[in-house]
Amino acid sequence: MLPTSRASTSSSSSPSYSYDNLSFNASTSSAHPRRHKRSSTAASTLATLAKRLTSLPQMDFELALWQMLYICIAPRRVYRSIYYHKQTKNQWARDDPAFYVILSLCLSVTAIAYGIAYALGFAGTLKLILFMVLVDYFAVGVVVASILWAVANNFLLQHGLHSAEQSVEWAYAFDVHSNSFFPAFLITYVLQFFFLPIVVQDGIISVLFGNTMYFVAICFYLYITYLGYNALPFLKNTSTFLYPTSILILLYLLSLVLSFNVSRRVLDSYFN
């Protein structure tokens with residue numbers, strides 16, 4: 001059952017929604033260009049998130065934890081819930097930063113564990129925390145979200161004759177990245193940590209295990225990204241986001257043939 005947001009007055013049961021009764025509450029005409037409309041939507045959403053970062057008691061951590069659980073075991077269920085959010089908040093993106101806060105804390109704890117394992121000391125561990133949170137998650141996320149946001153709005157939009165004009169919010173694109181990043185984080189940060197004695201060794205077992213972890217993590221990322229954009233009823237050809245999978249399969253097989261240990265190379269780039 002989907003936890004009820006503190007800001008919501010609806011019941012705790014999870015209702016079902018369909019495209020037929022979906023209300024977008026968007027104007028069918030605008031005096032501003034489409035680009036300005038998208039920018040203002042993203043700016044207002046990010047401003048709301050930044051404001052709520054200063055109000056921890058108002059964040060819905062229960063809902064964020066529910067999303068983190070189901071994004072790993074039933075990601076379609078998480079994206080089905082966005083229709084309810086759209087109807088009640090008139091936006092596709094989250095307006096609660098609890099998910100980002102928890103994910104950042106998870107990254108920080110993981111960085112501390114790696115700092116202890118590699119004896120980085122206080123300063124080194126602090127740098128690792130900042131790098132994992134600000135670069136691995138946020139900086140990379142901003143770049144990826146911006147690229148996919150531009151692709152979706154410029155090439156995948158479709159409009160009906162009698163429907164309001166819609167576009168992908170930039171903040172929603174970052175939400176999709178965050179959702180996709182979490183399972184990949186569990187595999188390539190957390191799971192990898194417990195198998196460090198294996199992945200840092202030479203030999204085919206280490207190569208197979210380490211490379212398979214990264215292969216599965218990236219496949220997970222691509223699939224959940226696809227689900228995120230496929231959940232928007234005004235986008236077409238969202239299977240485009242799955243196309244890199246074929247290239248990924250070829251690279252994975254090639255890495256095994258060449259005995260290129262991806263996991264070991266990534267760890268060397270961080271700690272050596």
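Because only heavy atoms are used, hydrogens play no part in the values below, and waters and symmetry mates are left out as well, while side chains stay in. On a predicted model such as this, the values are computed, not experimentally measured, just so you know.
- I129 contributes atom CD1, which lies 10.0 Å from atom CG of L107 (distance to the nearest 0.5 angstrom).
- Atom-to-atom distance recorded for S259:OG and N211:CG is 9.0 Å, nearest 0.5 angstrom.
- In this model, a donor atom of one side chain and an acceptor atom of the other lie less than 3.5 Å apart for R94 and N179.
- L134 and L105 fall within a single hydrophobic cluster, where Ile, Leu, Val, Met, Phe, Trp and Tyr side chains are chained together by heavy-atom contacts under 4.5 Å.
- Taking hydrophobic clusters as Ile, Leu, Val, Met, Phe, Trp and Tyr residues chained together by side-chain heavy-atom distances below 4.5 Å, V190 shares a cluster with I73.
- How far OH of Y221 is from CZ of F241: 10.5 Å, rounded to the nearest 0.5 Å.
- Sorted by first and then second residue, the side-chain hydrogen bond (donor to acceptor under 3.5 Å, both in side chains) pairs involving residues 239-254 (not counting sequence neighbours) are T212-Y252.
- Side-chain atoms of Y172 come within 3.5 Å of backbone N or O of G228 as a donor-acceptor pair.
- Y118 and Y270 have their aromatic ring centers separated by at least 6.0 angstrom.
- Annotation: side chain of N237 is not in contact with side chain of Q158 (no heavy-atom distance under 4.5 Å).
- Using a 4.5 Å cut-off between side-chain heavy atoms of Ile, Leu, Val, Met, Phe, Trp and Tyr, with links allowed through other members, I116 and V109 fall into different hydrophobic clusters.
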K127 and L120: CA distance, side-chain angles, deciding distance, side chain to side chain contact (heavy atoms under 4.5 Å, CB included) verdict
CA-CA 9 Å; K127 291 179 181 179; L120 298 181; over 6 Å; no
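- Nearest heavy atom pair, residue R264 against residue V199, reads CB-O, 3.7 Å.
- Among all heavy-atom pairs drawn from V142 and S146, the shortest one is O-OG, 2.7 Å.
- Taking the six-membered ring for Trp and thresholds of 30 and 60 degrees, Y100 and F174 have ring planes more than 60 degrees apart, a perpendicular arrangement.
- Scanning both residues, Y229 and V168, for their nearest heavy atoms gives CE2-CG1, 4.1 Å.
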Pair W92, D175 - check side chain to side chain contact (heavy atoms under 4.5 Å, CB included), show working.
CA-CA 9 Å; W92 296 101; D175 281 347; over 6 Å; no
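- Every side-chain hydrogen bond (donor to acceptor under 3.5 Å, both in side chains) that S178 has, sequence neighbours left out, goes to Y137.
- When all heavy atoms of S206 and I198 are compared, the closest pair comes out as OG-O, 2.5 Å.
- Once rounded to the nearest 0.5 Å, the distance linking CZ of F195 with OG of S263 reads 11.5 Å.
- Side-chain contact between N153 and L157: present, with at least one pair of heavy atoms (C-beta onward) separated by less than 4.5 Å.
- Between the CG atom in L227 and the CZ atom in R77 there is a gap of 15.0 Å [rounded to 0.5 Å].
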Quick one: do L156 and L232 satisfy side chain to side chain contact (heavy atoms under 4.5 Å, CB included)? Show the steps, please.
CA-CA 11 Å; L156 305 182; L232 301 179; over 6 Å; no
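- Ring pair F181/H177 is tilted by interplanar angle, where 30° to 60° counts as tilted.
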Residue pair F215, L251: steps toward the side chain to side chain contact (heavy atoms under 4.5 Å, CB included) verdict:
CA-CA 9 Å; F215 173 74; L251 292 176; over 6 Å; no
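- Partner of F185 under the side chain to side chain contact (heavy atoms under 4.5 Å, CB included) criterion, chosen from T110, L191, D136: T110.
- A continuous path of Ile, Leu, Val, Met, Phe, Trp and Tyr side chains, each step under 4.5 Å between heavy atoms, connects F194 with Y114, placing both in one hydrophobic cluster.
- Contact check for V207 versus F260: no side-chain heavy atoms found under the 4.5 Å cut-off.
- Considering only heavy atoms from C-beta on, Y70 stays 4.5 Å or farther from S81 through its side chain.
- Between the E169 side chain and the A93 main chain, a donor and an acceptor come within less than 3.5 Å of each other.
- The CZ atom of F271 lies 5.0 Å from the CG atom of L128; values are rounded to the nearest 0.5 Å.
- In terms of hydrophobic clustering, with Ile, Leu, Val, Met, Phe, Trp and Tyr side chains grouped at heavy-atom distances under 4.5 Å, V216 and I247 are assigned to different clusters.
- Minimum interatomic distance between S180 and T225 (heavy atoms only, all atoms of both residues): OG-OG1, 2.9 Å.
- The closest donor-acceptor contact from the side chain of N230 to the backbone of Y226 lies at 3.5 Å or more, if one exists at all.
- Listed here is the closest heavy atom pair of N261 and Q201: ND2-O, 3.7 Å.
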